[in-house]
Asks: 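This is the structure, below, for whatever I ask next.
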Amino acid sequence: MAKTTKKTANKKTVPTVSVIPESPLTFEKPAKFNQVNHSLTKIDAMGLVCGQQKYVADVDFNDMLHVKVLGSPHAHAEIKSIDIAAALKVEGVVAIYTWKDVPRVPRTTAGQGFPEPSPYDTYLLDKKVRFVGDRVAIVAAETPEAANEACSKIKVQYKVLKPVFDPEKAMDKGAPVIHDEKDCRVPIPIFYDPKRNHCSHVETAVGDVKKGFKDADIVLEKKYYPHYAQHCPIEPHTCMAYLDEYDRIVLRTSTQVPFHARRITAQTLGIPVKKIRVIKPRIGGGFGTKQEVLLEDVCALVTLRTRRPCIWALTRAEEFMAARTRHPMVCTIKSGVKKDGTITAISMRIISNTGAYGSHALTVLSNCGSKVLPLYRAENIEFIGDTVYTNLPVGGAYRGYGATQAAYAMECQMDEMAEAIGMDPIKFRQKNHIKEGESSPIFKALGEGREGVDMAIGSCGLDKCITEGMKKIDWKKKYGKTGNGTKKRGIGMCCLMQGSSIPEIDMGAVFIKMNEDGSFNMLLGATDLGTGSDTVLAQIAAETLGCKLEDMMVYSSDTDMTPFDVGAYASSTTYLTGGAVITTAKKVREQIEAVAAKMLDEKPENITIENGVCYGKGKKNSVTFGQVCVFSLYEHQQFQIGAIGSHISHASPPPFSAHFAEVEVDTETGEVKLLKYVAGVDCGTAINPTLADGQTQGAVMNAISFALTEEYIFDDNGRMLNPNFGNYKIWSTKDMPEIDTFLVPTYEKTGPYGAKSVSEISINGALPAIGNAIKNAVGVRLTHPPYTAEKVLAAIKELKNDAGKAKAKPAKAAKTTKKVATKAAAAAKTSKKATAKKPAAKKAPAKKAPAKKVAAKKPAKAKAVSKKSKK
Amino acid sequence: MKLNTRINGKDYCLEINPNAMLVDVLRQAGLKSVKFGCGEGSCGCCAVMIDGKPRNSCITLAGLAEGAEILTVEGMGNPQEPHALQQAFVDSGSTQCGYCNPGSLIAAKALLDSNPNPSAEDVKDALDGNLCRCTGYVKRIDAVLSAAKAMKKSKKTSRGKK
Amino acid sequence: MLKKLTQFYYPETIEEACKYLGKKGEKTAVVAGGTSEALRQDNSIEALVDISRVKELNYIRKDSSIYRIGATTPIQDIYKCSDLKGPSGEILKYTAGKIGSTLLRNSITAGGNLAAIFPWSDLPPVYLALDAEVVLRKGKPKRTVPVENLINERPNKFLGENEIIAEIAVPVYGKGTGTSFVKFAKTANDYSMITVATRVTLKSGKIEQARIALNAVTISPVRIKDAEKILEGQKPTSDLIAEAAAKTAEKAEIRKDFRASKEYKREVLEVLVRRSLEEALEMAKK
Ligand SMILES: Cc1cc2nc3c(=O)[nH]c(=O)nc-3n(C[C@H](O)[C@H](O)[C@H](O)COP(=O)(O)OP(=O)(O)OC[C@H]3O[C@@H](n4cnc5c(N)ncnc54)[C@H](O)[C@@H]3O)c2cc1C
Ligand code: FES
Ligand code: FES
């Protein structure tokens, strides 16, 4: 038995009897769905709308302490001294801790698999601060006011160090070193070079990119700069700690990863895991930012030291500055394409800015490739990514997780390529996108800190997403019709994919027990952060058990009560934990059938179950679930009907999606008005179509404001100037465009009842779709989102200037084209044709000379062309 | 200082700090449906009805509510007897994390109190101060419209509950 | 945060309110909607005089040729008021609807919005464009002054210790006048980046009176009189309007903030003023 632990290899041969369960590769498809694929009511909805459901801060303790953490005013500084005497004198202050008072344990705040693929570069408190808002001291006081006042009275002497803000310069020789401490390290054997602010590196190649570029008619190279953003859960991070009757620490916290939170808190404080219980009550949204252990260590420390309950809730400003963000990136894409629309090579280079700490640094980076590059067929692909430290806010997990940034670059590039060869952008995508039965070498080449998992696409509804979406946006009628006047219209689109869980890494577990009225308690490690996963998983259980949703009572995310689950991330809960639910419910169902068989004097295999009733052969006789359970608990050979089950996935089937945007651009002010947005998603079987649609709509709205108005604005010292909803603009009802979302059903054999993920994918669309629509309207390609009016106007003016120059010296422009296109005369011809054809169709301002886009055929700089990512 | 108010139909005399904000006072009084999201009047999850008008309780000094009638979602309905809006939010899938719901429901109720026949534009206008990061608002707008319809129907048949 | 505050007063009349404000030995301040951050951050105030329940301050009325808006009237009531019509009424309603959100508009009062002037205050520039006056009360005594004077000298300096804003009096303009309000911001409930309020009053085919008032792009609400002069007495043409718009952009003292560069603001200001004047003119011609 001892030797069977490694089960990654040879999935197909079932090992001889082992107590270690084997997760199934596929799940069978029932003839008909009774509970899943129905829009049943979310089980916590009524409690939520009546104000009955409790969030972290909704319980009280009489002697609660209030925690406040003093944030650094400097982006990069050494703490020379801290004087807390005056602060301690503030009435109501109970304790103040500085770096001298706490254990120094390097670790990561990223709640990921263990050992984590993120560097151990973060400390409870440190004598160095690395971004504005970094922790300096912890204050606990009787009231929030006293805690605030004490913070203002802590006197800190800093030795201000030179900061580094530009990710493209962070690795330069002589750049200030952000992690110069000796003890930062990576817990697994992966690349890490903190002395050069070089946090992670991923490199992989398939085929021969050099050759691919040579074979191309046109080679385009462009840099895209996806920007900082914050998740903006309406409930800020909140954590409460208290001691239970056994003197254990209870953390009631707004987390997406209760089990990781327990582990990391134990690690940080040097206490055993058994001393900690983490409870996640209802939480007010997460979107990735709560996949981070940011408050739990501090609250646990305060409660352990003071022996009093405490609570810490981030202010909105802290949420922006000191919680986590979307990694901003510099994405360089070079692509080669033939006139017939064949993509000959893609090279994607990413510099990801992780800010001061490397939370999710590597995995967000590799996701840029793994969740984007497989979408289009290309024989030659290269991916080179680097994550760098800077003295800016810390990146982390954010819905989309790297795919958002890279899909933006890739989908803009797709439009650029289509334009360059004079092909309709949709046709171009239809020609190239991956289809059912096909695979991509990228799946295996790019994993999470290790090699990925090879797989073929089992389900793909992308074609239908595209064709339906085209109808809904009225593509054929609108494309290229910019209109006259100062306001121009345009439409744009993009295609997307994501994944469903991290294969062979993530695990979810479930426990189900039966009650004497025929109901079931289902205990889940999985974490519902508002998405409705408790409901979706209960629907899957009810389907498998043969009962109704209302007979499932779900309790989730409590490290004492529920089995393990990695938590809510990587688009995994429905797909992964759903598998565990089926496995577990099947075991329970078998027990029910066995008991019913005994009661009915039948063979278990003759028992059929319908709606909570077990029937004998031919439906002649029956017993209800309630009777079965009463029998098993009280009457004969008593036992508890119940089971525990786990699941790991062997694949990560991508959901697919096509998004469409229609905009109106004011050419005098640069203002972009979003008129309509259409998104079609293939998430396999939607276990709960209303909830799945809600995920799409929520992600779409988030993505739209991300594309147009959400923006971190920094001063010269790295301080965010707009850390509040007043100035960081997420959209309200009044800003909404017409939104049309739809689901395209497919059936994914490897997923529970055919399901794939749905939550993340749709946040990736707005940036490219709107960007492409703007290009369609006014002919400018914006590479520095968000598309604020000022940037759009500047681009329009630049285009006019270029056009003016081109007109003035047509000969020169033509020459550049030729020179750049060098020996591929065909390329020059095609690009000329493409540009000559377009303006006739649309009266947009004159196009940029194609010269700008057709990059010289520099040899690709790729060095190592091994198939594996660097380890 | 003392604050006398009527909350959800019950009289309260609360001992408060003169500079306290209404959101904190209400939460301390046990009305936990009132949420805190920004403290600057921008997100609306702290919205409560004060004398029939929905307002941000996080920037309303509690002292301004002296003698006022306050309504929170606890007072709108309960799972046994939900308000038509609460039912519509549930039925339409307008609640994901739910953190923004109490505030939005209060704003929606104020709209229907003064305008029983709102258009989608009216709903967008009335809920413009209630940010939601989860749902994208689409379902919520339908929910308010369908609640308005349901309320009209129930008014026709009976005299309407609330 | 109002650390010294010990109590509230709840006067029912203006005179009572002013009496509390004049109380010796106690630092008092008026509170109406209470939404102003500046008010809440003040740590010297000992007592607040809540005027929101003074009934005689909450109204919107039309007296012969003047709309009278009581100081504690919530902005939402202006937005939803069906009695406000014509060139003055419409711009007041439209502008009120552009302030904050429904929740905020229920709190923010007309008086508070004028007493606490911020770059993003939307109604004050409209008052300038409409040549509105403000009625101030010190108990019984009252004085009526142009809003412009109040703004130029800053309300907190202009108002006497126990003096309050009681009313905003907005002239009713009839046929021949057009108004326009433009708020240029990122989203519907954003603070403004550029605010433009304009009015043109035509007489026998010529512009008799023109007003161009700005805020947000400037530090506080101002009229650009040099630009107004270009228009007054002239026949309205698009060239003339463009000239006035250019002059506005030239003369405006553009505020520096993180919303956009000064150059951009200046450029767009010109566009917005031009469009606003065109819109006002169109209304005036109807
Ligand atoms: C998130 C947010 C967004 C906002 N957006 C906008 C916007 O887009 N456009 C806009 O125009 N405004 C906006 N405001 C409103 C603006 O910033 C002020 O808060 C508001 O105008 C103050 O009005 P109030 O009635 O709440 O005044 P209060 O807060 O009660 O008082 C403000 C000041 O005025 C004094 N005062 C009040 N009434 C009188 C009176 N009658 N006589 C003498 N003094 C008086 C008070 O003593 C105090 O000093 C916004 C506010 C918030 C919180
Ligand atoms: S908490 Fe009151 S508006 Fe955000
Ligand atoms: S449901 Fe989560 S913020 Fe609205």
Side-chain angles (χ1 to χ4, degrees), chain A residues 39 41-42 44-55 57-60 144-145 231-236 282-287 313 315-316 319 528-532 688 690-691 693-702 704 724-727 730-736 739-741, chain B residues 17 19 24 27-28 30-45 72-79 82-83 85-103 105 123-141:
Chain A
S39 290
T41 301
K42 191 161 169 281
D44 52 354
M46 191 51 91
L48 287 167
V49 298
C50 292
Q52 280 195 342
Q53 289 277 1
K54 297 264 182 283
Y55 298 78
D58 295 346
V59 297
D60 283 326
E145 294 77 25
H231 316 62
C232 302
I234 305 298
E235 175 206 40
R282 288 299 99 186
I283 72 170
F287 317 108
T315 63
R316 188 52 61 184
E319 187 71 36
D528 187 337
L529 39 148
T531 52
N688 185 317
T690 295
L691 293 180
D693 194 37
Q695 285 299 310
T696 307
Q697 291 168 347
V700 159
M701 269 304 275
N702 183 330
I704 289 172
N724 47 54
F725 285 150
N727 292 305
I730 70 177
W731 285 22
S732 77
T733 47
K734 262 200 188 162
D735 303 299
M736 288 172 74
I739 292 183
D740 192 345
T741 54
Chain B
N17 281 333
N19 64 353
D24 298 321
R27 285 183 57 82
Q28 272 152 26
L31 296 136
K32 303 289 194 202
S33 78
V34 186
K35 299 292 184 240
F36 190 88
C38 68
E40 47 145 336
S42 289
C43 76
C45 67
T72 71
V73 287
E74 285 100 334
M76 262 175 85
N78 62 52
H83 186 278
L85 277 163
Q86 289 168 319
Q87 188 66 52
F89 264 51
V90 168
D91 294 343
S92 63
S94 299
T95 178
Q96 285 189 28
C97 81
Y99 201 78
C100 65
N101 291 4
L105 283 160
V123 178
K124 286 185 185 177
D125 186 54
L127 298 188
D128 64 348
N130 301 93
L131 298 182
C132 174
R133 193 62 153 173
C134 298
T135 66
Y137 307 113
V138 182
K139 300 198 187 318
R140 156 180 315 189
I141 290 160

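Please read all numbers here as calculations on a predicted model, not as lab measurements. What's counted below: heavy atoms across the whole structure, side chains too, no hydrogens, waters or symmetry copies. We name chains A, B, ... by the order of the sequence lines, and we start the count at 1 in each one.
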Asks: Do B/Asn17 and A/Glu145 have side chains that get closer than 4.5 Å, going by heavy atoms?
Replies: no
Asks: Answer with side chain, backbone, both or neither: which region of B/Ser92 has an atom nearer than 4.5 Å to a non-hydrogen atom of chain A?
Replies: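 B/Ser92 touches chain A through backbone heavy atoms alone.
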Asks: Provide the closest heavy-atom pair for A/Trp731 versus B/Tyr137 in the form atom of the first, atom of the second, distance.
Replies: O-OH, 2.6 Å
Asks: To the nearest 0.5 Å, what is the distance between CD (B/Gln86) and CG (A/Leu48)?
Replies: 11.0 Å
Asks: Name the one of B/Ser33, B/Pro102, B/Pro79 that satisfies side-chain contact (heavy atoms from CB on, under 4.5 Å) with A/Cys50?
Replies: B/Pro79
Asks: Ignoring hydrogens and geometry, is there a side-chain-to-backbone donor-acceptor pair from A/Arg316 to B/Gly39 under 3.5 Å?
Replies: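 No, because the side chain of A/Arg316 does not come within donor-acceptor range (under 3.5 Å) of the backbone of B/Gly39.
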Asks: Please check this pair: side chain of B/Tyr99 against backbone of A/Gly530, looking for a donor-acceptor N/O pair closer than 3.5 Å.
Replies: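 No.
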Asks: Quick one: are A/Met46 and B/Gln87 in side-chain contact, heavy atoms under 4.5 Å?
Replies: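 Sidechains of B/Gln87 and A/Met46: in contact.
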Asks: How close do B/Gly37 and A/Pro236 get, heavy atom to heavy atom, and via which atoms?
Replies: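 Looking at all heavy atoms of both residues, the closest pair is O-CG, 4.1 Å.
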Asks: Which region of B/Leu131, side chain (C-beta onward) or backbone (N, CA, C, O), has a non-hydrogen atom less than 4.5 Å from a non-hydrogen atom of chain A, or is it both or neither?
Replies: both
Asks: I'd like to know whether B/Val90 forms a side-chain contact (heavy atoms from CB on, under 4.5 Å) with A/Lys42, so could you lay out the CA-CA distance, the side-chain angles of the two residues, the decisive distance to 0.1 Å, and finally the verdict.
Replies: CA-CA 7 Å; B/Val90 168; A/Lys42 191 161 169 281; over 6 Å; no
Asks: At a heavy-atom distance under 4.5 Å, which candidate from A/Ile234, A/Ile730, A/Leu529 has the highest pair count against chain B?
Replies: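 Winner by heavy-atom pair count: A/Ile234.
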Asks: With only heavy atoms counted, which part of A/Ala313 is less than 4.5 Å from chain B, the side chain, the backbone, both or neither?
Replies: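 No part of A/Ala313 comes within 4.5 Å of chain B.
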Asks: If you count heavy-atom pairs within less than 4.5 Å of chain B, which of A/Asp693, A/Val59, A/Asn688, A/Leu691 leads?
Replies: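 With the most close heavy-atom pairs to chain B, the winner is A/Asp693.
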Asks: Can you say whether A/Gln695 sits under 4.5 Å from chain B via the side chain, the backbone, both, or neither, judging by heavy atoms?
Replies: both
Asks: Just give me the residue among B/Arg27, B/Arg140, B/Glu74 that pairs up with chain A most often, heavy atom to heavy atom, under 4.5 Å.
Replies: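 Heavy-atom pair counts peak at B/Arg27.
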Asks: Would you indicate whether the side-chain heavy atoms of B/Asp125 and A/Lys734 approach each other to under 4.5 Å?
Replies: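 Counting from C-beta outward, A/Lys734 and B/Asp125 do come under 4.5 Å.
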Asks: Could you tell me which portion of B/Leu85 (side chain, backbone, both or neither) has an atom closer than 4.5 angstrom to a non-hydrogen atom of chain A?
Replies: neither
Asks: Check each atom of B/Cys134 against the heavy atoms of chain A and say whether the ones under 4.5 Å are side chain, backbone, both or neither.
Replies: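 Both parts, heavy atoms under 4.5 Å.
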Asks: Quick check: do B/Met76 and A/Val49 have side-chain heavy atoms less than 4.5 Å from each other?
Replies: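 Sidechains of A/Val49 and B/Met76: no contact.
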Asks: From A/Glu319 CD over to B/Cys38 SG, what is the distance, rounded to the nearest 0.5 angstrom?
Replies: 12.0 Å
Asks: Closer than 3.5 angstrom, by distance alone: can the side chain of B/Glu40 be matched with the main-chain N or O of A/Phe725 as a donor-acceptor pair?
Replies: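 Yes.
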Asks: So A/Asp58 and B/Lys35, side-chain contact (heavy atoms from CB on, under 4.5 Å) or not? Walk me through it.
Replies: CA-CA 9 Å; A/Asp58 295 346; B/Lys35 299 292 184 240; 2.7 Å; yes
Asks: With heavy-atom distances below 4.5 Å as the criterion, would you say the side chains of B/Cys97 and A/Glu235 are in contact?
Replies: no
Asks: Measuring only between side-chain heavy atoms, which start at C-beta, is A/Met736 closer than 4.5 Å to B/Val138?
Replies: yes
Asks: Specify which of B/Asp91, B/Val73, B/Asp128 makes the most heavy-atom pairs with chain A at under 4.5 Å.
Replies: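 Counting heavy-atom pairs under 4.5 Å, the top option is B/Asp128.
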Asks: For A/Thr41, which atoms come within 4.5 Å of any heavy atom of chain B: side chain, backbone, both, or neither?
Replies: side chain
Asks: I need the residue from B/Gly41, B/Gly98, B/Gly129, B/Ala126 with the largest number of non-hydrogen atom pairs under 4.5 Å to chain A.
Replies: B/Gly98
